[in-house]
Structure formats: structure tokens, C-alpha cells
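Sharing a structure here in C-alpha cells format.
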Amino acid sequence: MTDNAFPKAERDAIYRAIAERRDMRHFIGGTVEPQLLRRLLEAAHQAPSVGLMQPWRFIRISDRALRADIQQLVEQERIRTAEALGERSDEFMKLKVEGINDCAEVLVAALMDDRERHIFGRRTLPEMDLASLSCAIQNLWLASRAEGLGMGWVSLFEPQALADLLGLPAGAKPLAILCLGPVEEFYPAPMLALEGWAQPRSLNELLYENRWGVNP
Ligand SMILES: Cc1cc2nc3c(=O)[nH]c(=O)nc-3n(C[C@H](O)[C@H](O)[C@H](O)COP(=O)(O)O)c2cc1C
């Protein structure tokens, strides 16, 4: 810790938001006040980005019919994913993988068009645009948790179909359907772990020293 550190209570709050953030799929409807939504989006917008590219675009879905169309796209992909999973198909179909119909707000997060001209930090790693958008989404996720709102990241959709539905220009790409809003309670652990789909690994297994695979 240095003299520049936040006071202890504030540090604890940061770590608490990180630890208690969950990917939520159960929502209880309700609303998100416009000012609060704005505050959350400002938090997203303060994210770091490669070359200060700010490649994120957020589309708020306020039209209920459009929300239903988006949910349909996700349902189609859910079925295709189950087919691709083979023997785990039935198990997958029992999982709740989105809360689009029940959440207060749906936001689509997309990469902007015309990204090729941004070369700083992307010449060898063009996917740094995606990394930057992900930083913005994580800010939104953590700020939402601190405000007591759940958020779920849904990536089960055909990007071109969603791009067509929302009128994205050529080259722009939707990457996340974000479900946001009040929840009854936050899951105590990742839902996929609670459901027995996958178990998280410990940091020690994933932490190496000097060479790949060599644990400290
Ligand atoms: C890039 C990304 C895409 C995801 N897409 C989906 C999705 O389509 N459906 C879903 O149910 N969860 C999705 N998740 C949530 C993960 O399943 C979840 O983050 C993981 O199981 C850990 O749980 P936690 O976020 O509660 O810690 C996604 C998460 C990330 C980071």
C-alpha cells in the first residue's frame, strides 16, 4: 500500500464489489432510474481503451417489441448451441442462460465501425478493441453491483442478425446483450458452478512463474 491508497473502507468496498459481482439471469422486473442508468453508463465510459480508441457503443433497447425480437434471436442460438454440445445438450437446455424478458433494462454493447484506422496497440493485436469494450462492460458490471442491481452478459446470438435488427453500420459488431435491473438476491457463487455445469479453478493453478505451466 502507498500514500496514494484509498482509505480502508473504500478499498474494502472495491474488493467487495469485485467478489460479489455475479452474472445474473433472474430478475424481478422494476425499473432503473434514468439518472442511475446514466451514472452506470458513465462508469462504463471511463474504462481504459487501446490508444484511447473508446470503441464501445451502447444501444438502449426501450422498444418492448424489439426486446422480444432480441430474445428470439437468443432462443434460436440457445437451441443451436445445445445441438453443438452433443451429449451435454439436455443438461445445457435446463440452464437459464438469459433474463431478457424479465430484466428492467436491456443494453446492447457493440464495437464501432471503422476500427481498422486505429493502429496504436492493435497492429499485432487487433482484438484489443474487444478487450477495451470488455473493460467498459466490467466497469458497468461492478458499478451495477455496488448500486444493488444485477447484470447478465448474454453472448448467445448470431452477431450479423442482431446487427441487422439494430441497424448497425457495416464493420460494427454487437458483442453483448446486457440484462440489467433489480434482482431478488445475488447468487452466492457463479450460477454455472451452483448448477454443476462447471467449477471454477483456483488462482494457484493458473499462476505461473517465468515459464508457462511452472507454478511458483
Ligand atoms: C464474455 C462473456 C460472455 C458470457 N456469455 C454468457 C451467456 O451468453 N449466457 C450466460 O448465461 N452467461 C454468460 N456469461 C456469464 C458467465 O457464465 C459467468 O461470468 C461465469 O459463469 C462466472 O460467473 P460469475 O460472473 O457470476 O462470476 C458470459 C460471461 C462473459 C465474461
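Numbering of ligands and ligand atoms starts at 1, following listing order. For the single chain, residues carry numbers from 1 onward in sequence order. Being a predicted model, the structure only gives us computed values, none of them experimental.
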* Asked: Are H26 and Y187 close enough that their ring centers fall under 6.0 Å?
  ->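 Yes, ring centres under 6.0 Å apart.
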
* Asked: Does the side chain of W56 come within less than 4.5 Å of S49's, by heavy atoms?
  -> yes

* **Residues E77 and T81: side-chain donor-acceptor under 3.5 angstrom** => yes

* Based purely on interatomic distance, does V97 place a nitrogen or oxygen under 3.5 Å from a nitrogen or oxygen of ligand 1? -> yes

* Would you say W153 and ligand 1 have an N/O pair spaced under 3.5 Å apart? -> yes

* Determine, using the 4.5 Å side-chain heavy-atom cutoff (strictly less than), whether L142 and I14 are members of one ILVMFWY cluster. =>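 Yes, because L142 and I14 connect within a single hydrophobic cluster, where side-chain heavy atoms sit under 4.5 Å apart.
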
* **Side chain proximity check, L175 to I137, heavy atoms < 4.5 angstrom** => no

* **Sub-4.0 Å heavy-atom approach of M191 to ligand 1** =>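 In this structure, M191 fails to qualify as a contact of ligand 1 - no heavy atom is under 4.0 Å.
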
* Which of these, H118, Q54, R115, sits in a side chain to side chain donor-acceptor pair (under 3.5 Å) with D129? -> R115

* In the protein, which heavy atom is nearest to atom 21 (O) of ligand 1, and how far is it? -> L192 CD1, 3.6 Å

* In the protein, which heavy atom is nearest to atom 5 (N) of ligand 1, and how far is it? ->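 So the nearest neighbour among protein heavy atoms is S155 OG, 2.8 Å.
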
* **Geometric N/O contact K96 with ligand 1, under 3.5 angstrom** =>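 No - when backbone and side-chain N and O of K96 are compared with those of ligand 1, no distance drops under 3.5 Å.
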
* Asked: Are any of the side-chain heavy atoms of C103 and L180 separated by less than 4.5 Å?
  ->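 Side-chain contact under 4.5 Å: no.
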
* Got the closest protein heavy atom to atom 27 (O) of ligand 1, with its distance? ->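 Going atom by atom, the protein heavy atom closest to atom 27 (O) of ligand 1 ends up being R22 NH2, 2.7 Å.
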
* Under 4.0 Å from a heavy atom of L156: give me the atoms of ligand 1 that qualify, with their elements. =>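 Matching atoms, with element in brackets: 8 (O).
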
* Asked: Is any heavy atom of the protein nearer than 4.0 Å to atom 3 (C) of ligand 1?
  -> yes

* List the closest protein heavy-atom neighbour of atom 25 (O) of ligand 1: residue, atom name, distance to the nearest 0.1 Å. => R21 NH1, 2.8 Å

* Asked: Considering only protein heavy atoms, which is closest to atom 16 (C) of ligand 1, and at what distance to one decimal place?
  -> R25 NH2, 4.0 Å

* Asked: Mind checking whether W141 has an N or O less than 3.5 Å away from an N or O of ligand 1?
  ->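 W141 vs ligand 1: no N/O contact under 3.5 Å.
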
* Closest approach of any protein heavy atom to atom 22 (C) of ligand 1, naming residue and atom ->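 Heavy-atom neighbour on the protein nearest atom 22 (C) of ligand 1: P190 CB, 3.8 Å.
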
* For the pair R11 (side chain) and F6 (backbone), establish whether a donor and an acceptor sit closer than 3.5 Å, ignoring hydrogens and angles. =>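 Checking the backbone N and O of F6 against the side chain of R11, a donor-acceptor pair under 3.5 Å is found.
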
* To do: Find out whether L107 and L41 are in side-chain contact, i.e. whether some heavy atom of one side chain is under 4.5 Å from a heavy atom of the other.
  => yes

* Asked: atom 26 (O) of ligand 1: which of V154, D23, I137, V74 has the nearest heavy atom?
  ->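 The nearest heavy atom belongs to D23.
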
